[in-house]
*Asks:* 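Quick one: this structure, given as structure tokens, is what I'll be asking you about.
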Amino acid sequence: MPHLTTAQAIIKFLKVQQTERDGVTQKLFAGCFGIFGHGNIAGIAQALQQNLDFRYYQSRNEQAMVHAAAAFAKTKNRLQTLVCTSSIGPGATNMLTGAALATINRLPVLLLPGDIFARRNVAPVLQQLESSMSQDASVNDCFKPVSKYWDRINRPDQILSALPEAMRVLTSAADTGAVTLALPQDVQAEAYHFPDSLFEGRVWHIQRPRPDRDALARAAERIKASRRPLIVAGGGVIYSEATEALVALVDATGIPVGETMAGKGSLRYDHPLCLGGIGVTGTEAANATAHDCDLVIGIGTRYSDFTTMSKTAFAEQSVAFININVCEFDAHKHSAVALVGDARETLKELGPLLSGWRVAAAYEANSKTRHDAWEAEVQRIYDMRNTPLPSQGELIGAVNEISDPNGVMVNAAGSMPGDLHKLWRSRHPKNYHLEYGYSCMGYEIAGGLGIKLAVPEREVTVMVGDGSYLMMAQEIATSVQEHLKLIIVLIDNDGYKSIGSLSRSLGQEGFGTRYVYPVNGRLPGDEAKDDVEMLPVDLAANARSLGAEVIECATYDEFVQGLQAAKQRSTTTVVYIRNDRYVGVPGYGSWWDVPVAEVSDMPSVQAARADWETMRAKERSY
Ligand SMILES: Cc1ncc(C[n+]2csc(CCOP(=O)(O)OP(=O)(O)O)c2C)c(N)n1
Ligand SMILES: [Mg+2]
């Protein structure tokens with residue numbers, strides 16, 4: 001019966017938790033990120049100090065450390081993750097955005113925010129949210145809707161039941177996300193005689209559930225009866241390591257594949273039936289195929305509005321769905337034949353039931369033609385040489401061609417996700433790391449840090465816009481501290497290229513999306529064209545000040561040289577370049593429902609509203 005503080009017992013427990021899948025066993029937690037304050041200094045911080053075999057990493061911002069943990073877990077296909085400890089109050093609430101991101105992307109992270117005194121006599125402690133209605137309220141209650149499991153540990157012995165529940169959720173393919181254990185600062189430091197059994201190593205077997213046999217038979221019949229089936233490959237394909245099983249099914253049946261943001265890389269870009277990204281940010285090839293398909297086979301996708309083009313992508317009147325998903329909730333979306341099960345095992349069991357069946361030769365040939373035409377379009381954009389400022393498409397091309405094919409590229413928000421979804425040539429399933437469940441500005445560098453921690457042997461290239469960079473760049477310092485080298489491609493266009501273009505599409509002239517000085521108390525938008533005064537902000541100098549090496553480039557050729565030089569450096573290197581705010585990659589007939597003001601004095605808004613109403617009428621209820 002070891003006599004330990006609650007915090008010591010938690011760390012001792014976490015150290016011996018393992019996962020196993022396909023016979024491979026590994027530690028569930030690779031360590032702990034944390035920022036200390038009075039809410040965790042005597043508890044978790046003290047426990048980490050006396051458990052140096054459980055690696056502690058500093059971070060500069062609690063939100064960033066949760067992003068790093070989520071990116072780490074994503075890179076590890078959710079078989080491993082990191083713990084995040086914070087103080088109480090602002091340190092804790094800084095983690096909320098990270099928690100939401102992890103839960104929405106179905107990525108396991110364990111959050112240990114400090115909490116107010118359980119014993120209450122000294123309340124209100126510094127940073128306590130007081131409530132006249134209850135003494136059981138704290139800011140940590142905000143974690144409830146963004147956590148898949150939430151608990152507050154008011155007595156040391158509560159961890160005996162809370163920790164196993166937390167582990168169950170973290171290791172559940174269907175139910176994973178952020179797990180929050182709020183730890184009152186007094187309880188963390190309180191000792192208790194914990195039973196030895198708590199610290200016996202435990203292996204959490206990650207299951208590969210098989211789908212219902214009858215449902216599988218129904219799905220096979222449905223596929224054989226289809227004429228223009230299309231697979232939508234989501235993140236589940238990659239997390240389940242089902243990419244080879246997918247290739248086998250595609251090769252055997254001739255069914256083409258469109259990929260979601262999380263699913264891109266399910267097939268190599270040069271597979272003849274890989275149609276690339278699908279949906280709002282999708283390719284001409286995938287979206288034309290989606291428009292006419294009569295059967296959608298969704299694998300490991302939750303069908304966000306980006307995937308369904310706000311329910312307009314699949315336009316065939318009789319279109320039906322088959323969903324392979326380990327999560328029952330997702331499997332049943334769109335009145336589908338639901339195959340509730342692991343992607344890899346389900347594909348393997350579906351294969352024999354389709355044996356001898358293949359799509360019509362003309363359909364397959366058409367898919368291949370579309371693939372080839374799309375590849376030519378990508379090359380056209382890669383080869384564009386816009387002046388005086390380069391276009392984003394050609395910069396993406398350079399990064400794709402120069403980065404290590406075995407490396408990882410990470411991005412999350414701005415205009416880049418859409419361009420990357422279309423243009424990035426994925427060479428392996430982990431080549432393209434897009435956080436697009438939450439599309440959170442500020443994820444990029446923190447996420448890159450988590451990825452590099454997960455796969456230190458791989459080259460990690462962070463692609464980040466100036467807006468995202470300004471929101472959260474401070475983890476450059478952590479990457480330098482930990483010798484976790486990142487190549488950071490910083491694309492500066494003095495504001496929001498993405499929201500600027502969205503704003504113009506709504507008739508709103510880019511209002512509030514440019515980083516320029518106000519004129520007569522008003523911030524100029526795109527209507528002001530070049531007649532604006534730029535700000536004296538120097539992001540290259542900023543990156544240098546955080547400890548990165550910086551290569552400033554002015555032209556495409558300098559950018560190519562800069563990328564090559566960055567690969568040779570041993571420390572985090574920022575390749576800085578400005579790009580054109582207005583030269584974009586075409587939309588290829590895509591649409592996204594962003595409601596336009598119903599009444600306005602601006603004729604441009606009224607016109608946009610009329611267009612919106614036409615498209616709104618096309619939205620389907622599948
Ligand atoms: C935390 C957060 N706040 C706001 C948004 C909405 N948003 C999406 S993209 C964007 C601008 C991104 O600017 P930048 O990183 O410079 O990329 P660019 O659009 O210029 O490519 C904003 C404000 C968001 N996605 N995340
Ligand atoms: Mg920008």
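Note that the coordinates shown come from a computational prediction; the quantities given were computed from them, not determined experimentally. Remember, it's 1-based here, ligands and their atoms both numbered in the order they're listed.
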*Asks:* Parallel, tilted or perpendicular: which describes the rings of Tyr57 and Phe33, with under 30° parallel and over 60° perpendicular?
*Replies:* tilted

*Asks:* Would you tabulate the side-chain donor-acceptor contacts of residues 405-417 under 3.5 Å, counting partners in other chains and residues two or more places apart, or write 'none'?
*Replies:*
unit_1 : atom_1 : unit_2 : atom_2 : d
Asn411 : ND2    : Met463 : O      : 2.7
Ser415 : OG     : Gln392 : NE2    : 3.0

*Asks:* Do Lys264 and Tyr432 form a cation-pi contact, if we require the NZ or CZ to be under 6.0 Å from the six-membered ring centre and within 45 degrees of the ring's axis?
*Replies:*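 Judged by the rule (NZ or CZ under 6.0 Å from the ring centre, within 45° of its axis), Lys264 counts as positioned above Tyr432.
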
*Asks:* Which residues and atoms, counting only protein N, O or S, are under 2.8 Å from the Mg ion (ligand 2)?
*Replies:*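 The answer, once waters are left aside, is Asp466 OD1, Asn493 OD1, Gly495 O.
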
*Asks:* How long is the straight-line distance from OG of Ser87 back to CD of Glu62, given to the nearest 0.5 Å?
*Replies:*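 Rounded to the nearest 0.5 Å, the CD-OG separation comes to 8.0 Å.
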
*Asks:* What pairs of residues pass the ring-ring contact (aromatic ring centres under 6.0 Å, His included) test when at least one of them lies in residues 489-541, not counting sequence neighbours?
*Replies:*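 Every pair satisfying ring-ring contact (aromatic ring centres under 6.0 Å, His included) with a residue in residues 489-541: Tyr496-Tyr515.
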
*Asks:* Show the protein residues that qualify under the rule heavy atom under 4.0 Å from an atom of ligand 1, listing them in chain and number order.
*Replies:*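 Lining ligand 1: Gly414, Ser415, Ser439, Met441, Gly465, Asp466, Gly467, Ser468, Met471, Asn493, Gly495, Tyr496, Lys497, Ser498, Ile499.
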
*Asks:* Checking Lys74 against Tyr239: is there a side-chain donor and acceptor pair closer than 3.5 Å?
*Replies:* yes

*Asks:* Quick check: are there more than 12 heavy atoms from other residues, nucleotides or ligands sitting under 6.0 Å from CG of Asp601?
*Replies:* no

*Asks:* Ring centres of Phe314 and His291 under 6.0 Å apart?
*Replies:*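 No, ring centres 6.0 Å or more apart.
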
*Asks:* Taking OH in Tyr622 as the centre, count heavy atoms belonging to other residues, nucleotides or ligands within less than 6.0 Å. Is the count above 12?
*Replies:*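 Above 12, so yes.
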
